[in-house]
Amino acid sequence: MATSPSTPDQASLEALRLRRAELRQSMSALELAMAEPAPIGRARWAGRVHVALVELSADFREHVEVTQGEAGMHSDVLAAAPRLSGAVARLAREHVQISHLVDDLLARTSGPEPSVDQIRRLGTTLLGLLVSHRQRGSDLLYEAYEFDVGGET
């Protein structure tokens with residue numbers, strides 16, 4: 001891929017790929033924590049889910065900083081392909097929505113009477129939003145740079 005002043009260098013794109021993999025690992029950890037049996041110890045189950053959410057929250061905050069922060073990837077995309085401004089705006093709105101849901105789940109998992117069913121329902125919604133968000137982010141980079149961030153395992 002040839003670089004131009006508005007195209008991120010290969011090192012930046014590889015760093016983005018690494019952060020993407022870290023977020024995916026956090027998502028997997030949350031999914032596994034939510035799938036554990038809860039009937040015997042709701043508080044212990046909620047504690048495990050909370051720990052997974054804390055990790056996911058940190059990785060997602062880093063994702064937002066890398067994409068929306070000063071000199072973030074979204075600025076680069078807009079410089080390279082202004083036609084993608086609608087897609088960039090949608091991703092930014094999703095950042096807010098996802099952040100609110102993460103905060104809500106963190107509060108629910110640290111409360112005195114965690115509702116397993118509500119937490120699982122909202123956690124599943126969160127994971128679905130994150131999967132879709134990551135796909136749209138990948139599509140955005142491909143449209144802007146013809147760069148495939150990949151479907152890491």
*Treating Ile, Leu, Val, Met, Phe, Trp and Tyr as nodes and any side-chain heavy-atom pair under 4.5 angstrom as an edge, say whether L141 and L78 lie in one connected cluster.*
yes
_Cluster overlap V102 with V66, hydrophobic side-chain contacts below 4.5 Å_ = no
*asked:* Given 3.5 Å as the limit, does a donor-acceptor pair link the side chain of S132 with the main chain of G128, or not?
replied: yes
*Can you find a side-chain donor-acceptor pair between H133 and H63 that sits under 3.5 Å?*
yes
*Evaluate whether atom CD of E36 has more than 12 neighbouring non-hydrogen atoms of other residues, nucleotides or ligands under 6.0 angstrom away.*
yes
_Nearest atoms (heavy-atom pairs only) where E70 meets E65_ = N-OE2, 4.1 Å
*Interatomic spacing from CG in L126 to CD in Q97 - rounded to 0.5 Å*: 9.5 Å
_Donor-acceptor pair, side chain of R134 and main chain of R20, under 3.5 angstrom_ = yes
*What is the minimum heavy-atom distance between E22 and D59, and which atoms define it?*
O-OD2, 3.3 Å
*What is the minimum heavy-atom distance between A52 and L30, and which atoms define it?*
CB-CA, 3.7 Å
*Where do A33 and W45 come nearest, in terms of heavy atoms and distance?*
O-NE1, 3.1 Å
_Smallest separation among heavy atoms of M73 and Y145, with atom names_ = SD-CE1, 4.3 Å
*Is there a donor-acceptor contact under 3.5 Å from the side chain of S75 to the main chain of A71?*
no
*Shared ILVMFWY cluster between V88 and L129, side chains joined below 4.5 angstrom?*
no
*Shared ILVMFWY cluster between L101 and V116, side chains joined below 4.5 angstrom?*
yes
*What distance separates L105 CG from R121 CZ, expressed to the nearest 0.5 Å?*
9.5 Å
*Calculate, to the nearest 0.5 Å, the distance between atoms NE2 and OG1 belonging to H74 and T67 respectively.*
4.0 Å
*Do M27 and V131 have side-chain heavy atoms sitting under 4.5 Å apart?*
yes
_Cationic N near anionic O, under 4.0 Å, R17 to E14_ = yes
_Taking atom CZ as the centre, does R44 end up with more than 12 heavy-atom neighbours from other residues, nucleotides or ligands that are less than 6.0 angstrom away?_
no
*Spell out, as yes or no, whether a donor-acceptor pair under 3.5 Å connects the side chain of R120 to the backbone of M34.*
yes
_Any side-chain donor near an acceptor of the partner, R61 and S57, under 3.5 Å_ = yes
*asked:* Show the nearest heavy-atom pair for residues S99 and F60, with the distance to one decimal.
replied: OG-CE2, 3.5 Å
_Between S28 and R24, do the side chains contain a donor N or O and an acceptor N or O under 3.5 Å apart?_
yes
*Can you tell me how far OG1 of T124 sits from CD1 of I119, rounded to the nearest 0.5 angstrom?*
11.5 Å
_Any heavy-atom pair between the side chains of L91 and R136 that's under 4.5 Å?_
yes
_Distance, nearest 0.5 Å, that separates CZ of R90 from CG of L140_ = 11.5 Å
*State the CG-CD1 distance between L127 and I98, to the nearest 0.5 angstrom.*
10.5 Å
